[in-house]
Chemist: 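Structure incoming, see below.
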Protein chains: 2
Amino acid sequence: METAKPTKRKRFPNASTAGVSLADVAAHAGVSTATVSRVLNGTATVAAEAMERVQRACRELNYVPNGAARALSSRRTRTIGAVVPSIENAGFAVAIGALQRWLDAEGYTLIVASSDYDPAAELREASLLMSRGIDGLLLVGGEHHPDLIPMLAQQDVPFIETWTLSDHHPCVGFDNVAAGRQLADYLLDLGHVDIGVIAGRMRHNDRASGRVAGVRQALEARGLRLPTEWMIERPYRILEGRLAMKALLAAPTRPTAVICGNDQLAFGAIIEARASGLSVPADISITGFNDLDFAAFLDPPLTTLSVPADRIGIISGEYLLGRVLDRPVLRVNEIETRLVVRASAAPPRKGNDNGNNKGKGSRRS
Amino acid sequence: METAKPTKRKRFPNASTAGVSLADVAAHAGVSTATVSRVLNGTATVAAEAMERVQRACRELNYVPNGAARALSSRRTRTIGAVVPSIENAGFAVAIGALQRWLDAEGYTLIVASSDYDPAAELREASLLMSRGIDGLLLVGGEHHPDLIPMLAQQDVPFIETWTLSDHHPCVGFDNVAAGRQLADYLLDLGHVDIGVIAGRMRHNDRASGRVAGVRQALEARGLRLPTEWMIERPYRILEGRLAMKALLAAPTRPTAVICGNDQLAFGAIIEARASGLSVPADISITGFNDLDFAAFLDPPLTTLSVPADRIGIISGEYLLGRVLDRPVLRVNEIETRLVVRASAAPPRKGNDNGNNKGKGSRRS
DNA sequence: AGGAGTTATGTAAGCGCTTACATTTTGCGC
DNA sequence: GCGCAAAATGTAAGCGCTTACATAACTCCT
């Protein structure tokens, strides 16, 4: 046991060697592997003639670099991760699309995972992304599993919270409470006092919750409140918007205006209102959120709050790569939302005959 | 020079050692790194007691594996790549979403890149994905840059062409020509003879071209043809659908039915038709393609061809991982499309007064 | 107790690339 | 030509993990 014999073993005796390695390029070009690496990465001055020989060798050999080797030795993957609540949500898709294009131009790759609005899933996905190796991580919102941020700190992975503003963490977004307030104030200024809300799922969704809180604030500032039966939560889908509006119209009294958590819910709400014989916005005003692609084309064209989701994507990329590459970055990046007034909201009908007169007294604070 | 002195150098003297390595876990658990690896990957029998010690060590040390090291040594990245024409295209988004969820359940990661319908960009993106390391690649359609397939073969990367059927390559999809023919036959059976087409961009888009070819075949089988001025190409966006319909309505004679390349174009076409004073489908029938989320909610609800995009994603995953893991796979995977008849198409009005009587003779072959 | 076979575990090579440090080459001034 | 400084290039360690092969431990049978 103490005199273990030195042995010579072959590693991977049957392994395929189809790939061209950096060493092959170096031999072909007549330089060291270090010089090949320098040429490929632009990390040092290389004589023009040697550079040309290396580049020709890469072309002639059809060299494809091994990213895992590069990541392992450089301790950088040149990959950014993003965990979003739902990939199919168009707002996130726009931001992700913009981020992916921006990163592409910077020579970086984006990996996207989804959490289905569940903080435990977000933690799990983030952990998986980190074990695959990411140089930075985009998160959505400000509410996470308690182990997530410490884990990112331990692994030294820069992150940014999007669609929200934060007192402590890097962020790009807007004040969701103010956004909700803005929509409610717009309807209140039109003369509405009976305002309902169709929100997305709010559990673990601080953005949706914040906007509803903003609506409540605006109402309370005018001595009004949001009754329980006018507060509906539904997943962000057209059909769910229909079902939510159906529930609102079935309430003992009806609102004259409805603030929807996004444009898909608003689309469904409009369809259901009209199917119920109501005219939009004459009988009931409806607003959306996000100004998705189809919003302008609805009948009537949707009044909605526009969020430049592509800016969120790009600023996230700038922040994360700024951190990776030690560039100066802003911790807080506020973007502008914009109320896009189209035709789905109007002053309430005077002399309503839809049961509102009966409920008006009970909604004053 | 001949007597080079042996030197001892420190690698990364200032490197941060924040990460816990497999060696740390091994030391903590009192086993070799090989045993830790065996436990984590389930690649060999390990005594229950040792396994428990390893798992506890991972938990106590918050061990996060280094994916690059794993990929380099195992020659597997456990990552699948996908190059799609446009990430924001909802049909592709559904397929990608389904693939991503399926791969996630298999412990694999998906990286998505976009080509903007450009074969040169597709080649570039595929090459980048390969240098990052992918175990398989999803492609869209059957038309590619000539260097792409040979490069995949050289790198030994399994691939699959989606949304198409192929005589030579792995594929999952449907016959695009037959799909176009089916839509045209449906309208012809309703009695239409004056049929226009609003297609997506067809250059390097064999799917769109195939469907238009199918429309032409159906017309020609009945002694009809598709006039040049009724063949419009537009990017897949709602606004473009409006512009295309505007062009069709400005033609000397108008079609009584329009086949749109996807539901977004159809949406825009419906809006423009109605803005022009036409009733859909009474004055002009319109069909879409893909049965996107909003199709059923349009006014009138859209008649469209439904493609199970999620099936495309999942079957792609099964095929690619089957290849990676040496499971039996089918080269050709045909999926069913389905004509979803809603309310946007109807028999043509009798005794049309929109100029069609004048053009009828010139469209007979 | 010894031998054979099976199971469990350890050793050490190496996956492909990067880069700190060492060495060589080049250019310039005297 | 020599000396010095700067530029260019080479050497070799090692990033963290996997796994082929070697060795040790265990079990069963005679």
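Naming convention: chains lettered A, B, ... in sequence-line order (proteins, then strands); numbering from 1 in each chain.
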Chemist: Give the table of side-chain donor-acceptor pairs shorter than 3.5 Å for residues 310-330 of chain A, with sequence neighbours excluded, one pair per line with atom names and distance.
Modeler:
| from | atom 1 | to | atom 2 | distance (Å) |
| --- | --- | --- | --- | --- |
| A/S316 | OG | A/I312 | O | 2.6 |
| A/Y319 | OH | A/R323 | NH1 | 2.8 |

Chemist: Does a side-chain N or O of B/R70 approach OP1 or OP2 of D/dT18 to a distance below 4.0 Å, or not?
Modeler: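 Indeed, a polar side-chain atom of B/R70 lies that close.
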
Chemist: Taking only residues two or more places apart in sequence or in another chain, which ones pass salt bridge (Lys or Arg N to Asp or Glu O under 4.0 Å) with B/R76?
Modeler: none

Chemist: Can you name the residues that form a salt bridge (Lys or Arg N to Asp or Glu O under 4.0 Å) with B/R331, not counting sequence neighbours?
Modeler: none

Chemist: Between C/dG16 atom P and A/R78 atom CZ, what is the distance in whole Å?
Modeler: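 For the pair A/R78 CZ and C/dG16 P, the rounded distance is 18 Å.
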
Chemist: Using whole Å, report how far CE of A/M51 lies from C1' of D/dA7.
Modeler: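 To the nearest whole Å, that distance equals 13 Å.
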
Chemist: Could you tell me which residues satisfy side-chain hydrogen bond (donor to acceptor under 3.5 Å, both in side chains) with A/Q55, sequence neighbours excluded, listed by chain and number?
Modeler: none

Chemist: Not counting sequence neighbours, which residues clear side-chain hydrogen bond (donor to acceptor under 3.5 Å, both in side chains) with A/D206? List them please.
Modeler: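 By the side-chain hydrogen bond (donor to acceptor under 3.5 Å, both in side chains) rule, A/D206 matches no residue at all.
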
Chemist: Can you measure A/R76 atom CZ to D/dG16 atom C1' for me and round it to whole angstrom units?
Modeler: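 Roughly 18 Å, once rounded to whole Å.
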
Chemist: Note down the inter-axis angle between the two ends of the helix from C/dA1-D/dT30 to C/dC30-D/dG1, five pairs each, to the nearest 10°.
Modeler: 40°

Chemist: Just one of B/V84, B/I335, B/L139, B/V140 clears the side-chain contact (heavy atoms from CB on, under 4.5 Å) bar with B/T162, so which one?
Modeler: B/V140

Chemist: B/E60: which residues meet the side-chain hydrogen bond (donor to acceptor under 3.5 Å, both in side chains) condition with it, sequence neighbours left out?
Modeler: B/H28

Chemist: Looking only at side-chain atoms of A/S73, point me to the closest of C/dT19, C/dC15, C/dG16.
Modeler: C/dG16

Chemist: My understanding is that only residues two or more places apart in sequence, or in another chain, count here; which of them pass side-chain hydrogen bond (donor to acceptor under 3.5 Å, both in side chains) with A/S127?
Modeler: none

Chemist: What's the CG-P distance between B/L40 and D/dT18, to the nearest Å?
Modeler: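 Distance, rounded to whole Å: 7 Å.
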
Chemist: Taking only residues two or more places apart in sequence or in another chain, which ones pass salt bridge (Lys or Arg N to Asp or Glu O under 4.0 Å) with B/R78?
Modeler: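 Checked B/R78 against salt bridge (Lys or Arg N to Asp or Glu O under 4.0 Å); zero matches.
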
Chemist: Take atom CG of B/L72 and atom P of C/dA13, then tell me their distance rounded to the nearest Å.
Modeler: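 Distance check: B/L72 CG to C/dA13 P gives 17 Å.
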
Chemist: Just to be sure I understand the geometry, which residues of residues 59-67 of chain A put a non-hydrogen atom under 4.0 Å away from DNA chain C?
Modeler: A/Y63, A/P65, A/N66

Chemist: Side-chain N or O of A/S37 less than 4.0 angstrom from OP1 or OP2 on C/dT18?
Modeler: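 For C/dT18, OP1/OP2 do have a side-chain N/O of A/S37 under 4.0 Å.
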
Chemist: The side chain of B/L22 lies closest to which of these nucleotides: C/dG16, D/dT11, D/dT18?
Modeler: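 Closest nucleotide among those given: D/dT18.
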
Chemist: Provide the full list of ring pair (Phe, Tyr, Trp, His ring centres under 6.0 Å) pairs with a residue in residues 107-160 of chain B, sequence neighbours left out, each pair given once.
Modeler: B/F159-B/H169

Chemist: Write down the protein N/O and nucleotide N/O pairs, taken from nucleotides 5-9 of chain C, whose separation is under 3.5 Å; answer none if there are no such pairs.
Modeler:
| from | atom 1 | to | atom 2 | distance (Å) |
| --- | --- | --- | --- | --- |
| C/dA8 | OP2 | B/T45 | OG1 | 3.2 |
| C/dT9 | OP2 | B/A47 | N | 2.7 |

Chemist: Go through the side-chain N and O atoms of B/D24 and B/S21 and say whether any donor and acceptor fall under 3.5 Å apart.
Modeler: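 Present: a donor and an acceptor within the cut-off.
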
Chemist: Roughly how many Å is it from CG in A/N41 to P in C/dT19, rounded to a whole number?
Modeler: 7 Å

